[in-house]
Amino acid sequence: MAIFSLLVTATPYSAQGQFSALQFVRVAINNGHSIKRVFFYADGVLVASRLNHPPSDEINLTKAWAKLAIEQDIDLVVCVTAALKRGITNHAEAERNALTGENLDPAFEISGLGQLTEAMLESDRLITFG
Amino acid sequence: MAIFSLLVTATPYSAQGQFSALQFVRVAINNGHSIKRVFFYADGVLVASRLNHPPSDEINLTKAWAKLAIEQDIDLVVCVTAALKRGITNHAEAERNALTGENLDPAFEISGLGQLTEAMLESDRLITFG
Amino acid sequence: MKSICIIFNKVPYGSQSSRELLDIALMAAAFDMPIKALFIEQGVLQLINKQQPEVLDIKNHSATFKALELYGIEEIYVDANALNNYQLTHDDLMPIAELIDNNAISEHIQQSDFVLML
Amino acid sequence: MKSICIIFNKVPYGSQSSRELLDIALMAAAFDMPIKALFIEQGVLQLINKQQPEVLDIKNHSATFKALELYGIEEIYVDANALNNYQLTHDDLMPIAELIDNNAISEHIQQSDFVLML
Amino acid sequence: MKSLFILNNPTKLDACLNAMSTQDGLLLIEDAVIATHHSGLSCVTYALEEDLIARGLSQLVKQHLVNSNIKIIDYTQFVELTLQYDKTVSWL
Amino acid sequence: MKSLFILNNPTKLDACLNAMSTQDGLLLIEDAVIATHHSGLSCVTYALEEDLIARGLSQLVKQHLVNSNIKIIDYTQFVELTLQYDKTVSWL
């Protein structure tokens, strides 16, 4: 059984990459593999906002990731530089940067690009969804 | 002198369209034309978050639009459906949709697609930046 | 009243552009603007029968194309050349669009007051 | 240590992808991973001298390419064929990259443990 | 090392094919599944079934591919395929 | 009615040219300014100077275009050009 990590850069609702990445993770776990980390970068970080609120007949990608992360104990990491630039922030980053609000879903964690490199080196495969 | 409206669908930091649209508006005004409305749609709505915080040596697109809007009294309208889906919300929409937070920059207003159609019909030109 | 031409040129589901463009078409219809819908290049795939994006948890928007006539959008055209490129025939599509050639596409664009793509 | 190949294939400033890809290269360098940087297709334009995106209020990231060597990234290659397509010569570029052909590009991709594009 | 190239954008097919070595495989996903009829596909090629079904193309492609060497695989096979190659290259 | 087609993506140039009528004009902006040497540009064509300068292409393109009918225009001319045509079509 193998260890996977994912790099997800796709814009949440405009591109298909987030849907594909979710599907890949679900199937990999069903097949007995494990997921070390999903690293969100570039526009991919936008999925981490708990304010994302698609119409009720559509999947909420943020909640779908959060559910998967909690059930399967998966590490969801958002790149801090990409996130701040695109308006994704938690309480600590908001304070540090004097921002008036925060919106990070609690299933996600903000960290640095080093987490991507580490995931690459400690997994059997890194799969990019862009 | 002519009346312009713009439709902006470009992702704020990943694409160039927001930069181009800003430049077009500035130059049009300098040349004596007027801007009826800038309508943000699709990923273009993401520029309306006041939490967007690029590195200090880069332009903050949200603040650039806000400054222009205040100085020149330009209507900046964000499509409500596109915005909610992508985590852009004001206090009223947050309450209505039971969201825990809001992030709309006060220079922008959330409204419906009808504002785009109206802008098209009441301007000399509609220019799309995607 | 000014007329509008809406051009669909993207594959469905890889992006949501066509879905959001469709919403603009419906809004323009509500304003009673005369509307033409063109499906060209990869956009001809929007009209394929039996789409099932539900298998990927993606919402199916193809039913809305079938409902365009109900919204008063009756001028719907599809690029014959593109269909051919994708080895498709008119029978593979929802029966709502008329086949046209490249010259006719240019003409429809030329005649409209507004042309929108996403 | 596993090696990484970073492929730049986008025009500068129309998207920020190359800028964010560059940050990944620098981080991999900090982890002492052997790194190759390939500039192919439209990505060869990333290396043009005298870029001035400041005229559009966009940050200029081209200086970081010149600094790649300082970060220990010395294997930098540019697609000769693509240069030719854009009527460019090696003299139009920052002098940091070696011209290679298509076969060499495939080989560098093949030899690396990871290959990243954005 | 042999690589599995993963392509999601049909307009980049030629560039992707150009970068591949003879032992590499190509997996078409998302919008790129519309490229199954492309004449340049001389490498080992896979197309993701769920993406074909989503676009209503599953039956049509199967009819056209009767004599082709393109294999249609599902997500379970996609996951296993990434392990049969030494690495994946998502061509963006 | 004559239209000004505005193109920002060089990979869509052929599709854009296909949709144009003889009296239409083409304006290349953003990444599409790299397409000034394209052989199919038989229509009236403009390229946005600020986008050329941003990419370090302004001098290079001017040298190559000595005998061409492509006009290089700035943002002020861009704004005025949109008024010389009956409408604009942003080809996305």
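Lettering of chains follows the sequences in order, A, B, ..., and the numbering in each one begins at 1. Model, not experiment: these values are computed from the prediction.
- Atom CD of C:E54 is surrounded by more than 12 heavy atoms from other residues, nucleotides or ligands within 6.0 Å.
- Within 6.0 Å of the CG atom in B:D57, the count of heavy atoms belonging to other residues, nucleotides or ligands exceeds 12.
- Within 6.0 Å of NZ in B:K67 there are 12 or fewer heavy atoms belonging to other residues, nucleotides or ligands.
- Scanning all heavy atoms of the two residues, the minimum distance from C:K2 to B:M120 falls at NZ-O, 4.5 Å.
- At most 12 non-hydrogen atoms from other residues, nucleotides or ligands lie less than 6.0 angstrom from NE2 of B:H91.
- No more than 12 heavy atoms of other residues, nucleotides or ligands sit less than 6.0 Å from atom OH of C:Y71.
- The 12-atom threshold is not exceeded at NZ of B:K63, counting heavy atoms of other residues, nucleotides or ligands nearer than 6.0 Å.
- At a heavy-atom cut-off of under 4.5 Å, chain B is reached by C:F114, C:L116, C:L118 from residues 110-118 of chain C, listed in order of number.
- For B:L113, the parts lying near chain C are the backbone and the side chain together; criterion is any non-hydrogen pair under 4.5 Å.
- In this structure, B:T9 and C:E20 have side chains that are not in contact, with every pair of non-hydrogen atoms separated by 4.5 Å or more.
- Rounding to the nearest 0.5 Å places OG1 of B:T117 at 7.0 Å from CE of C:M33.
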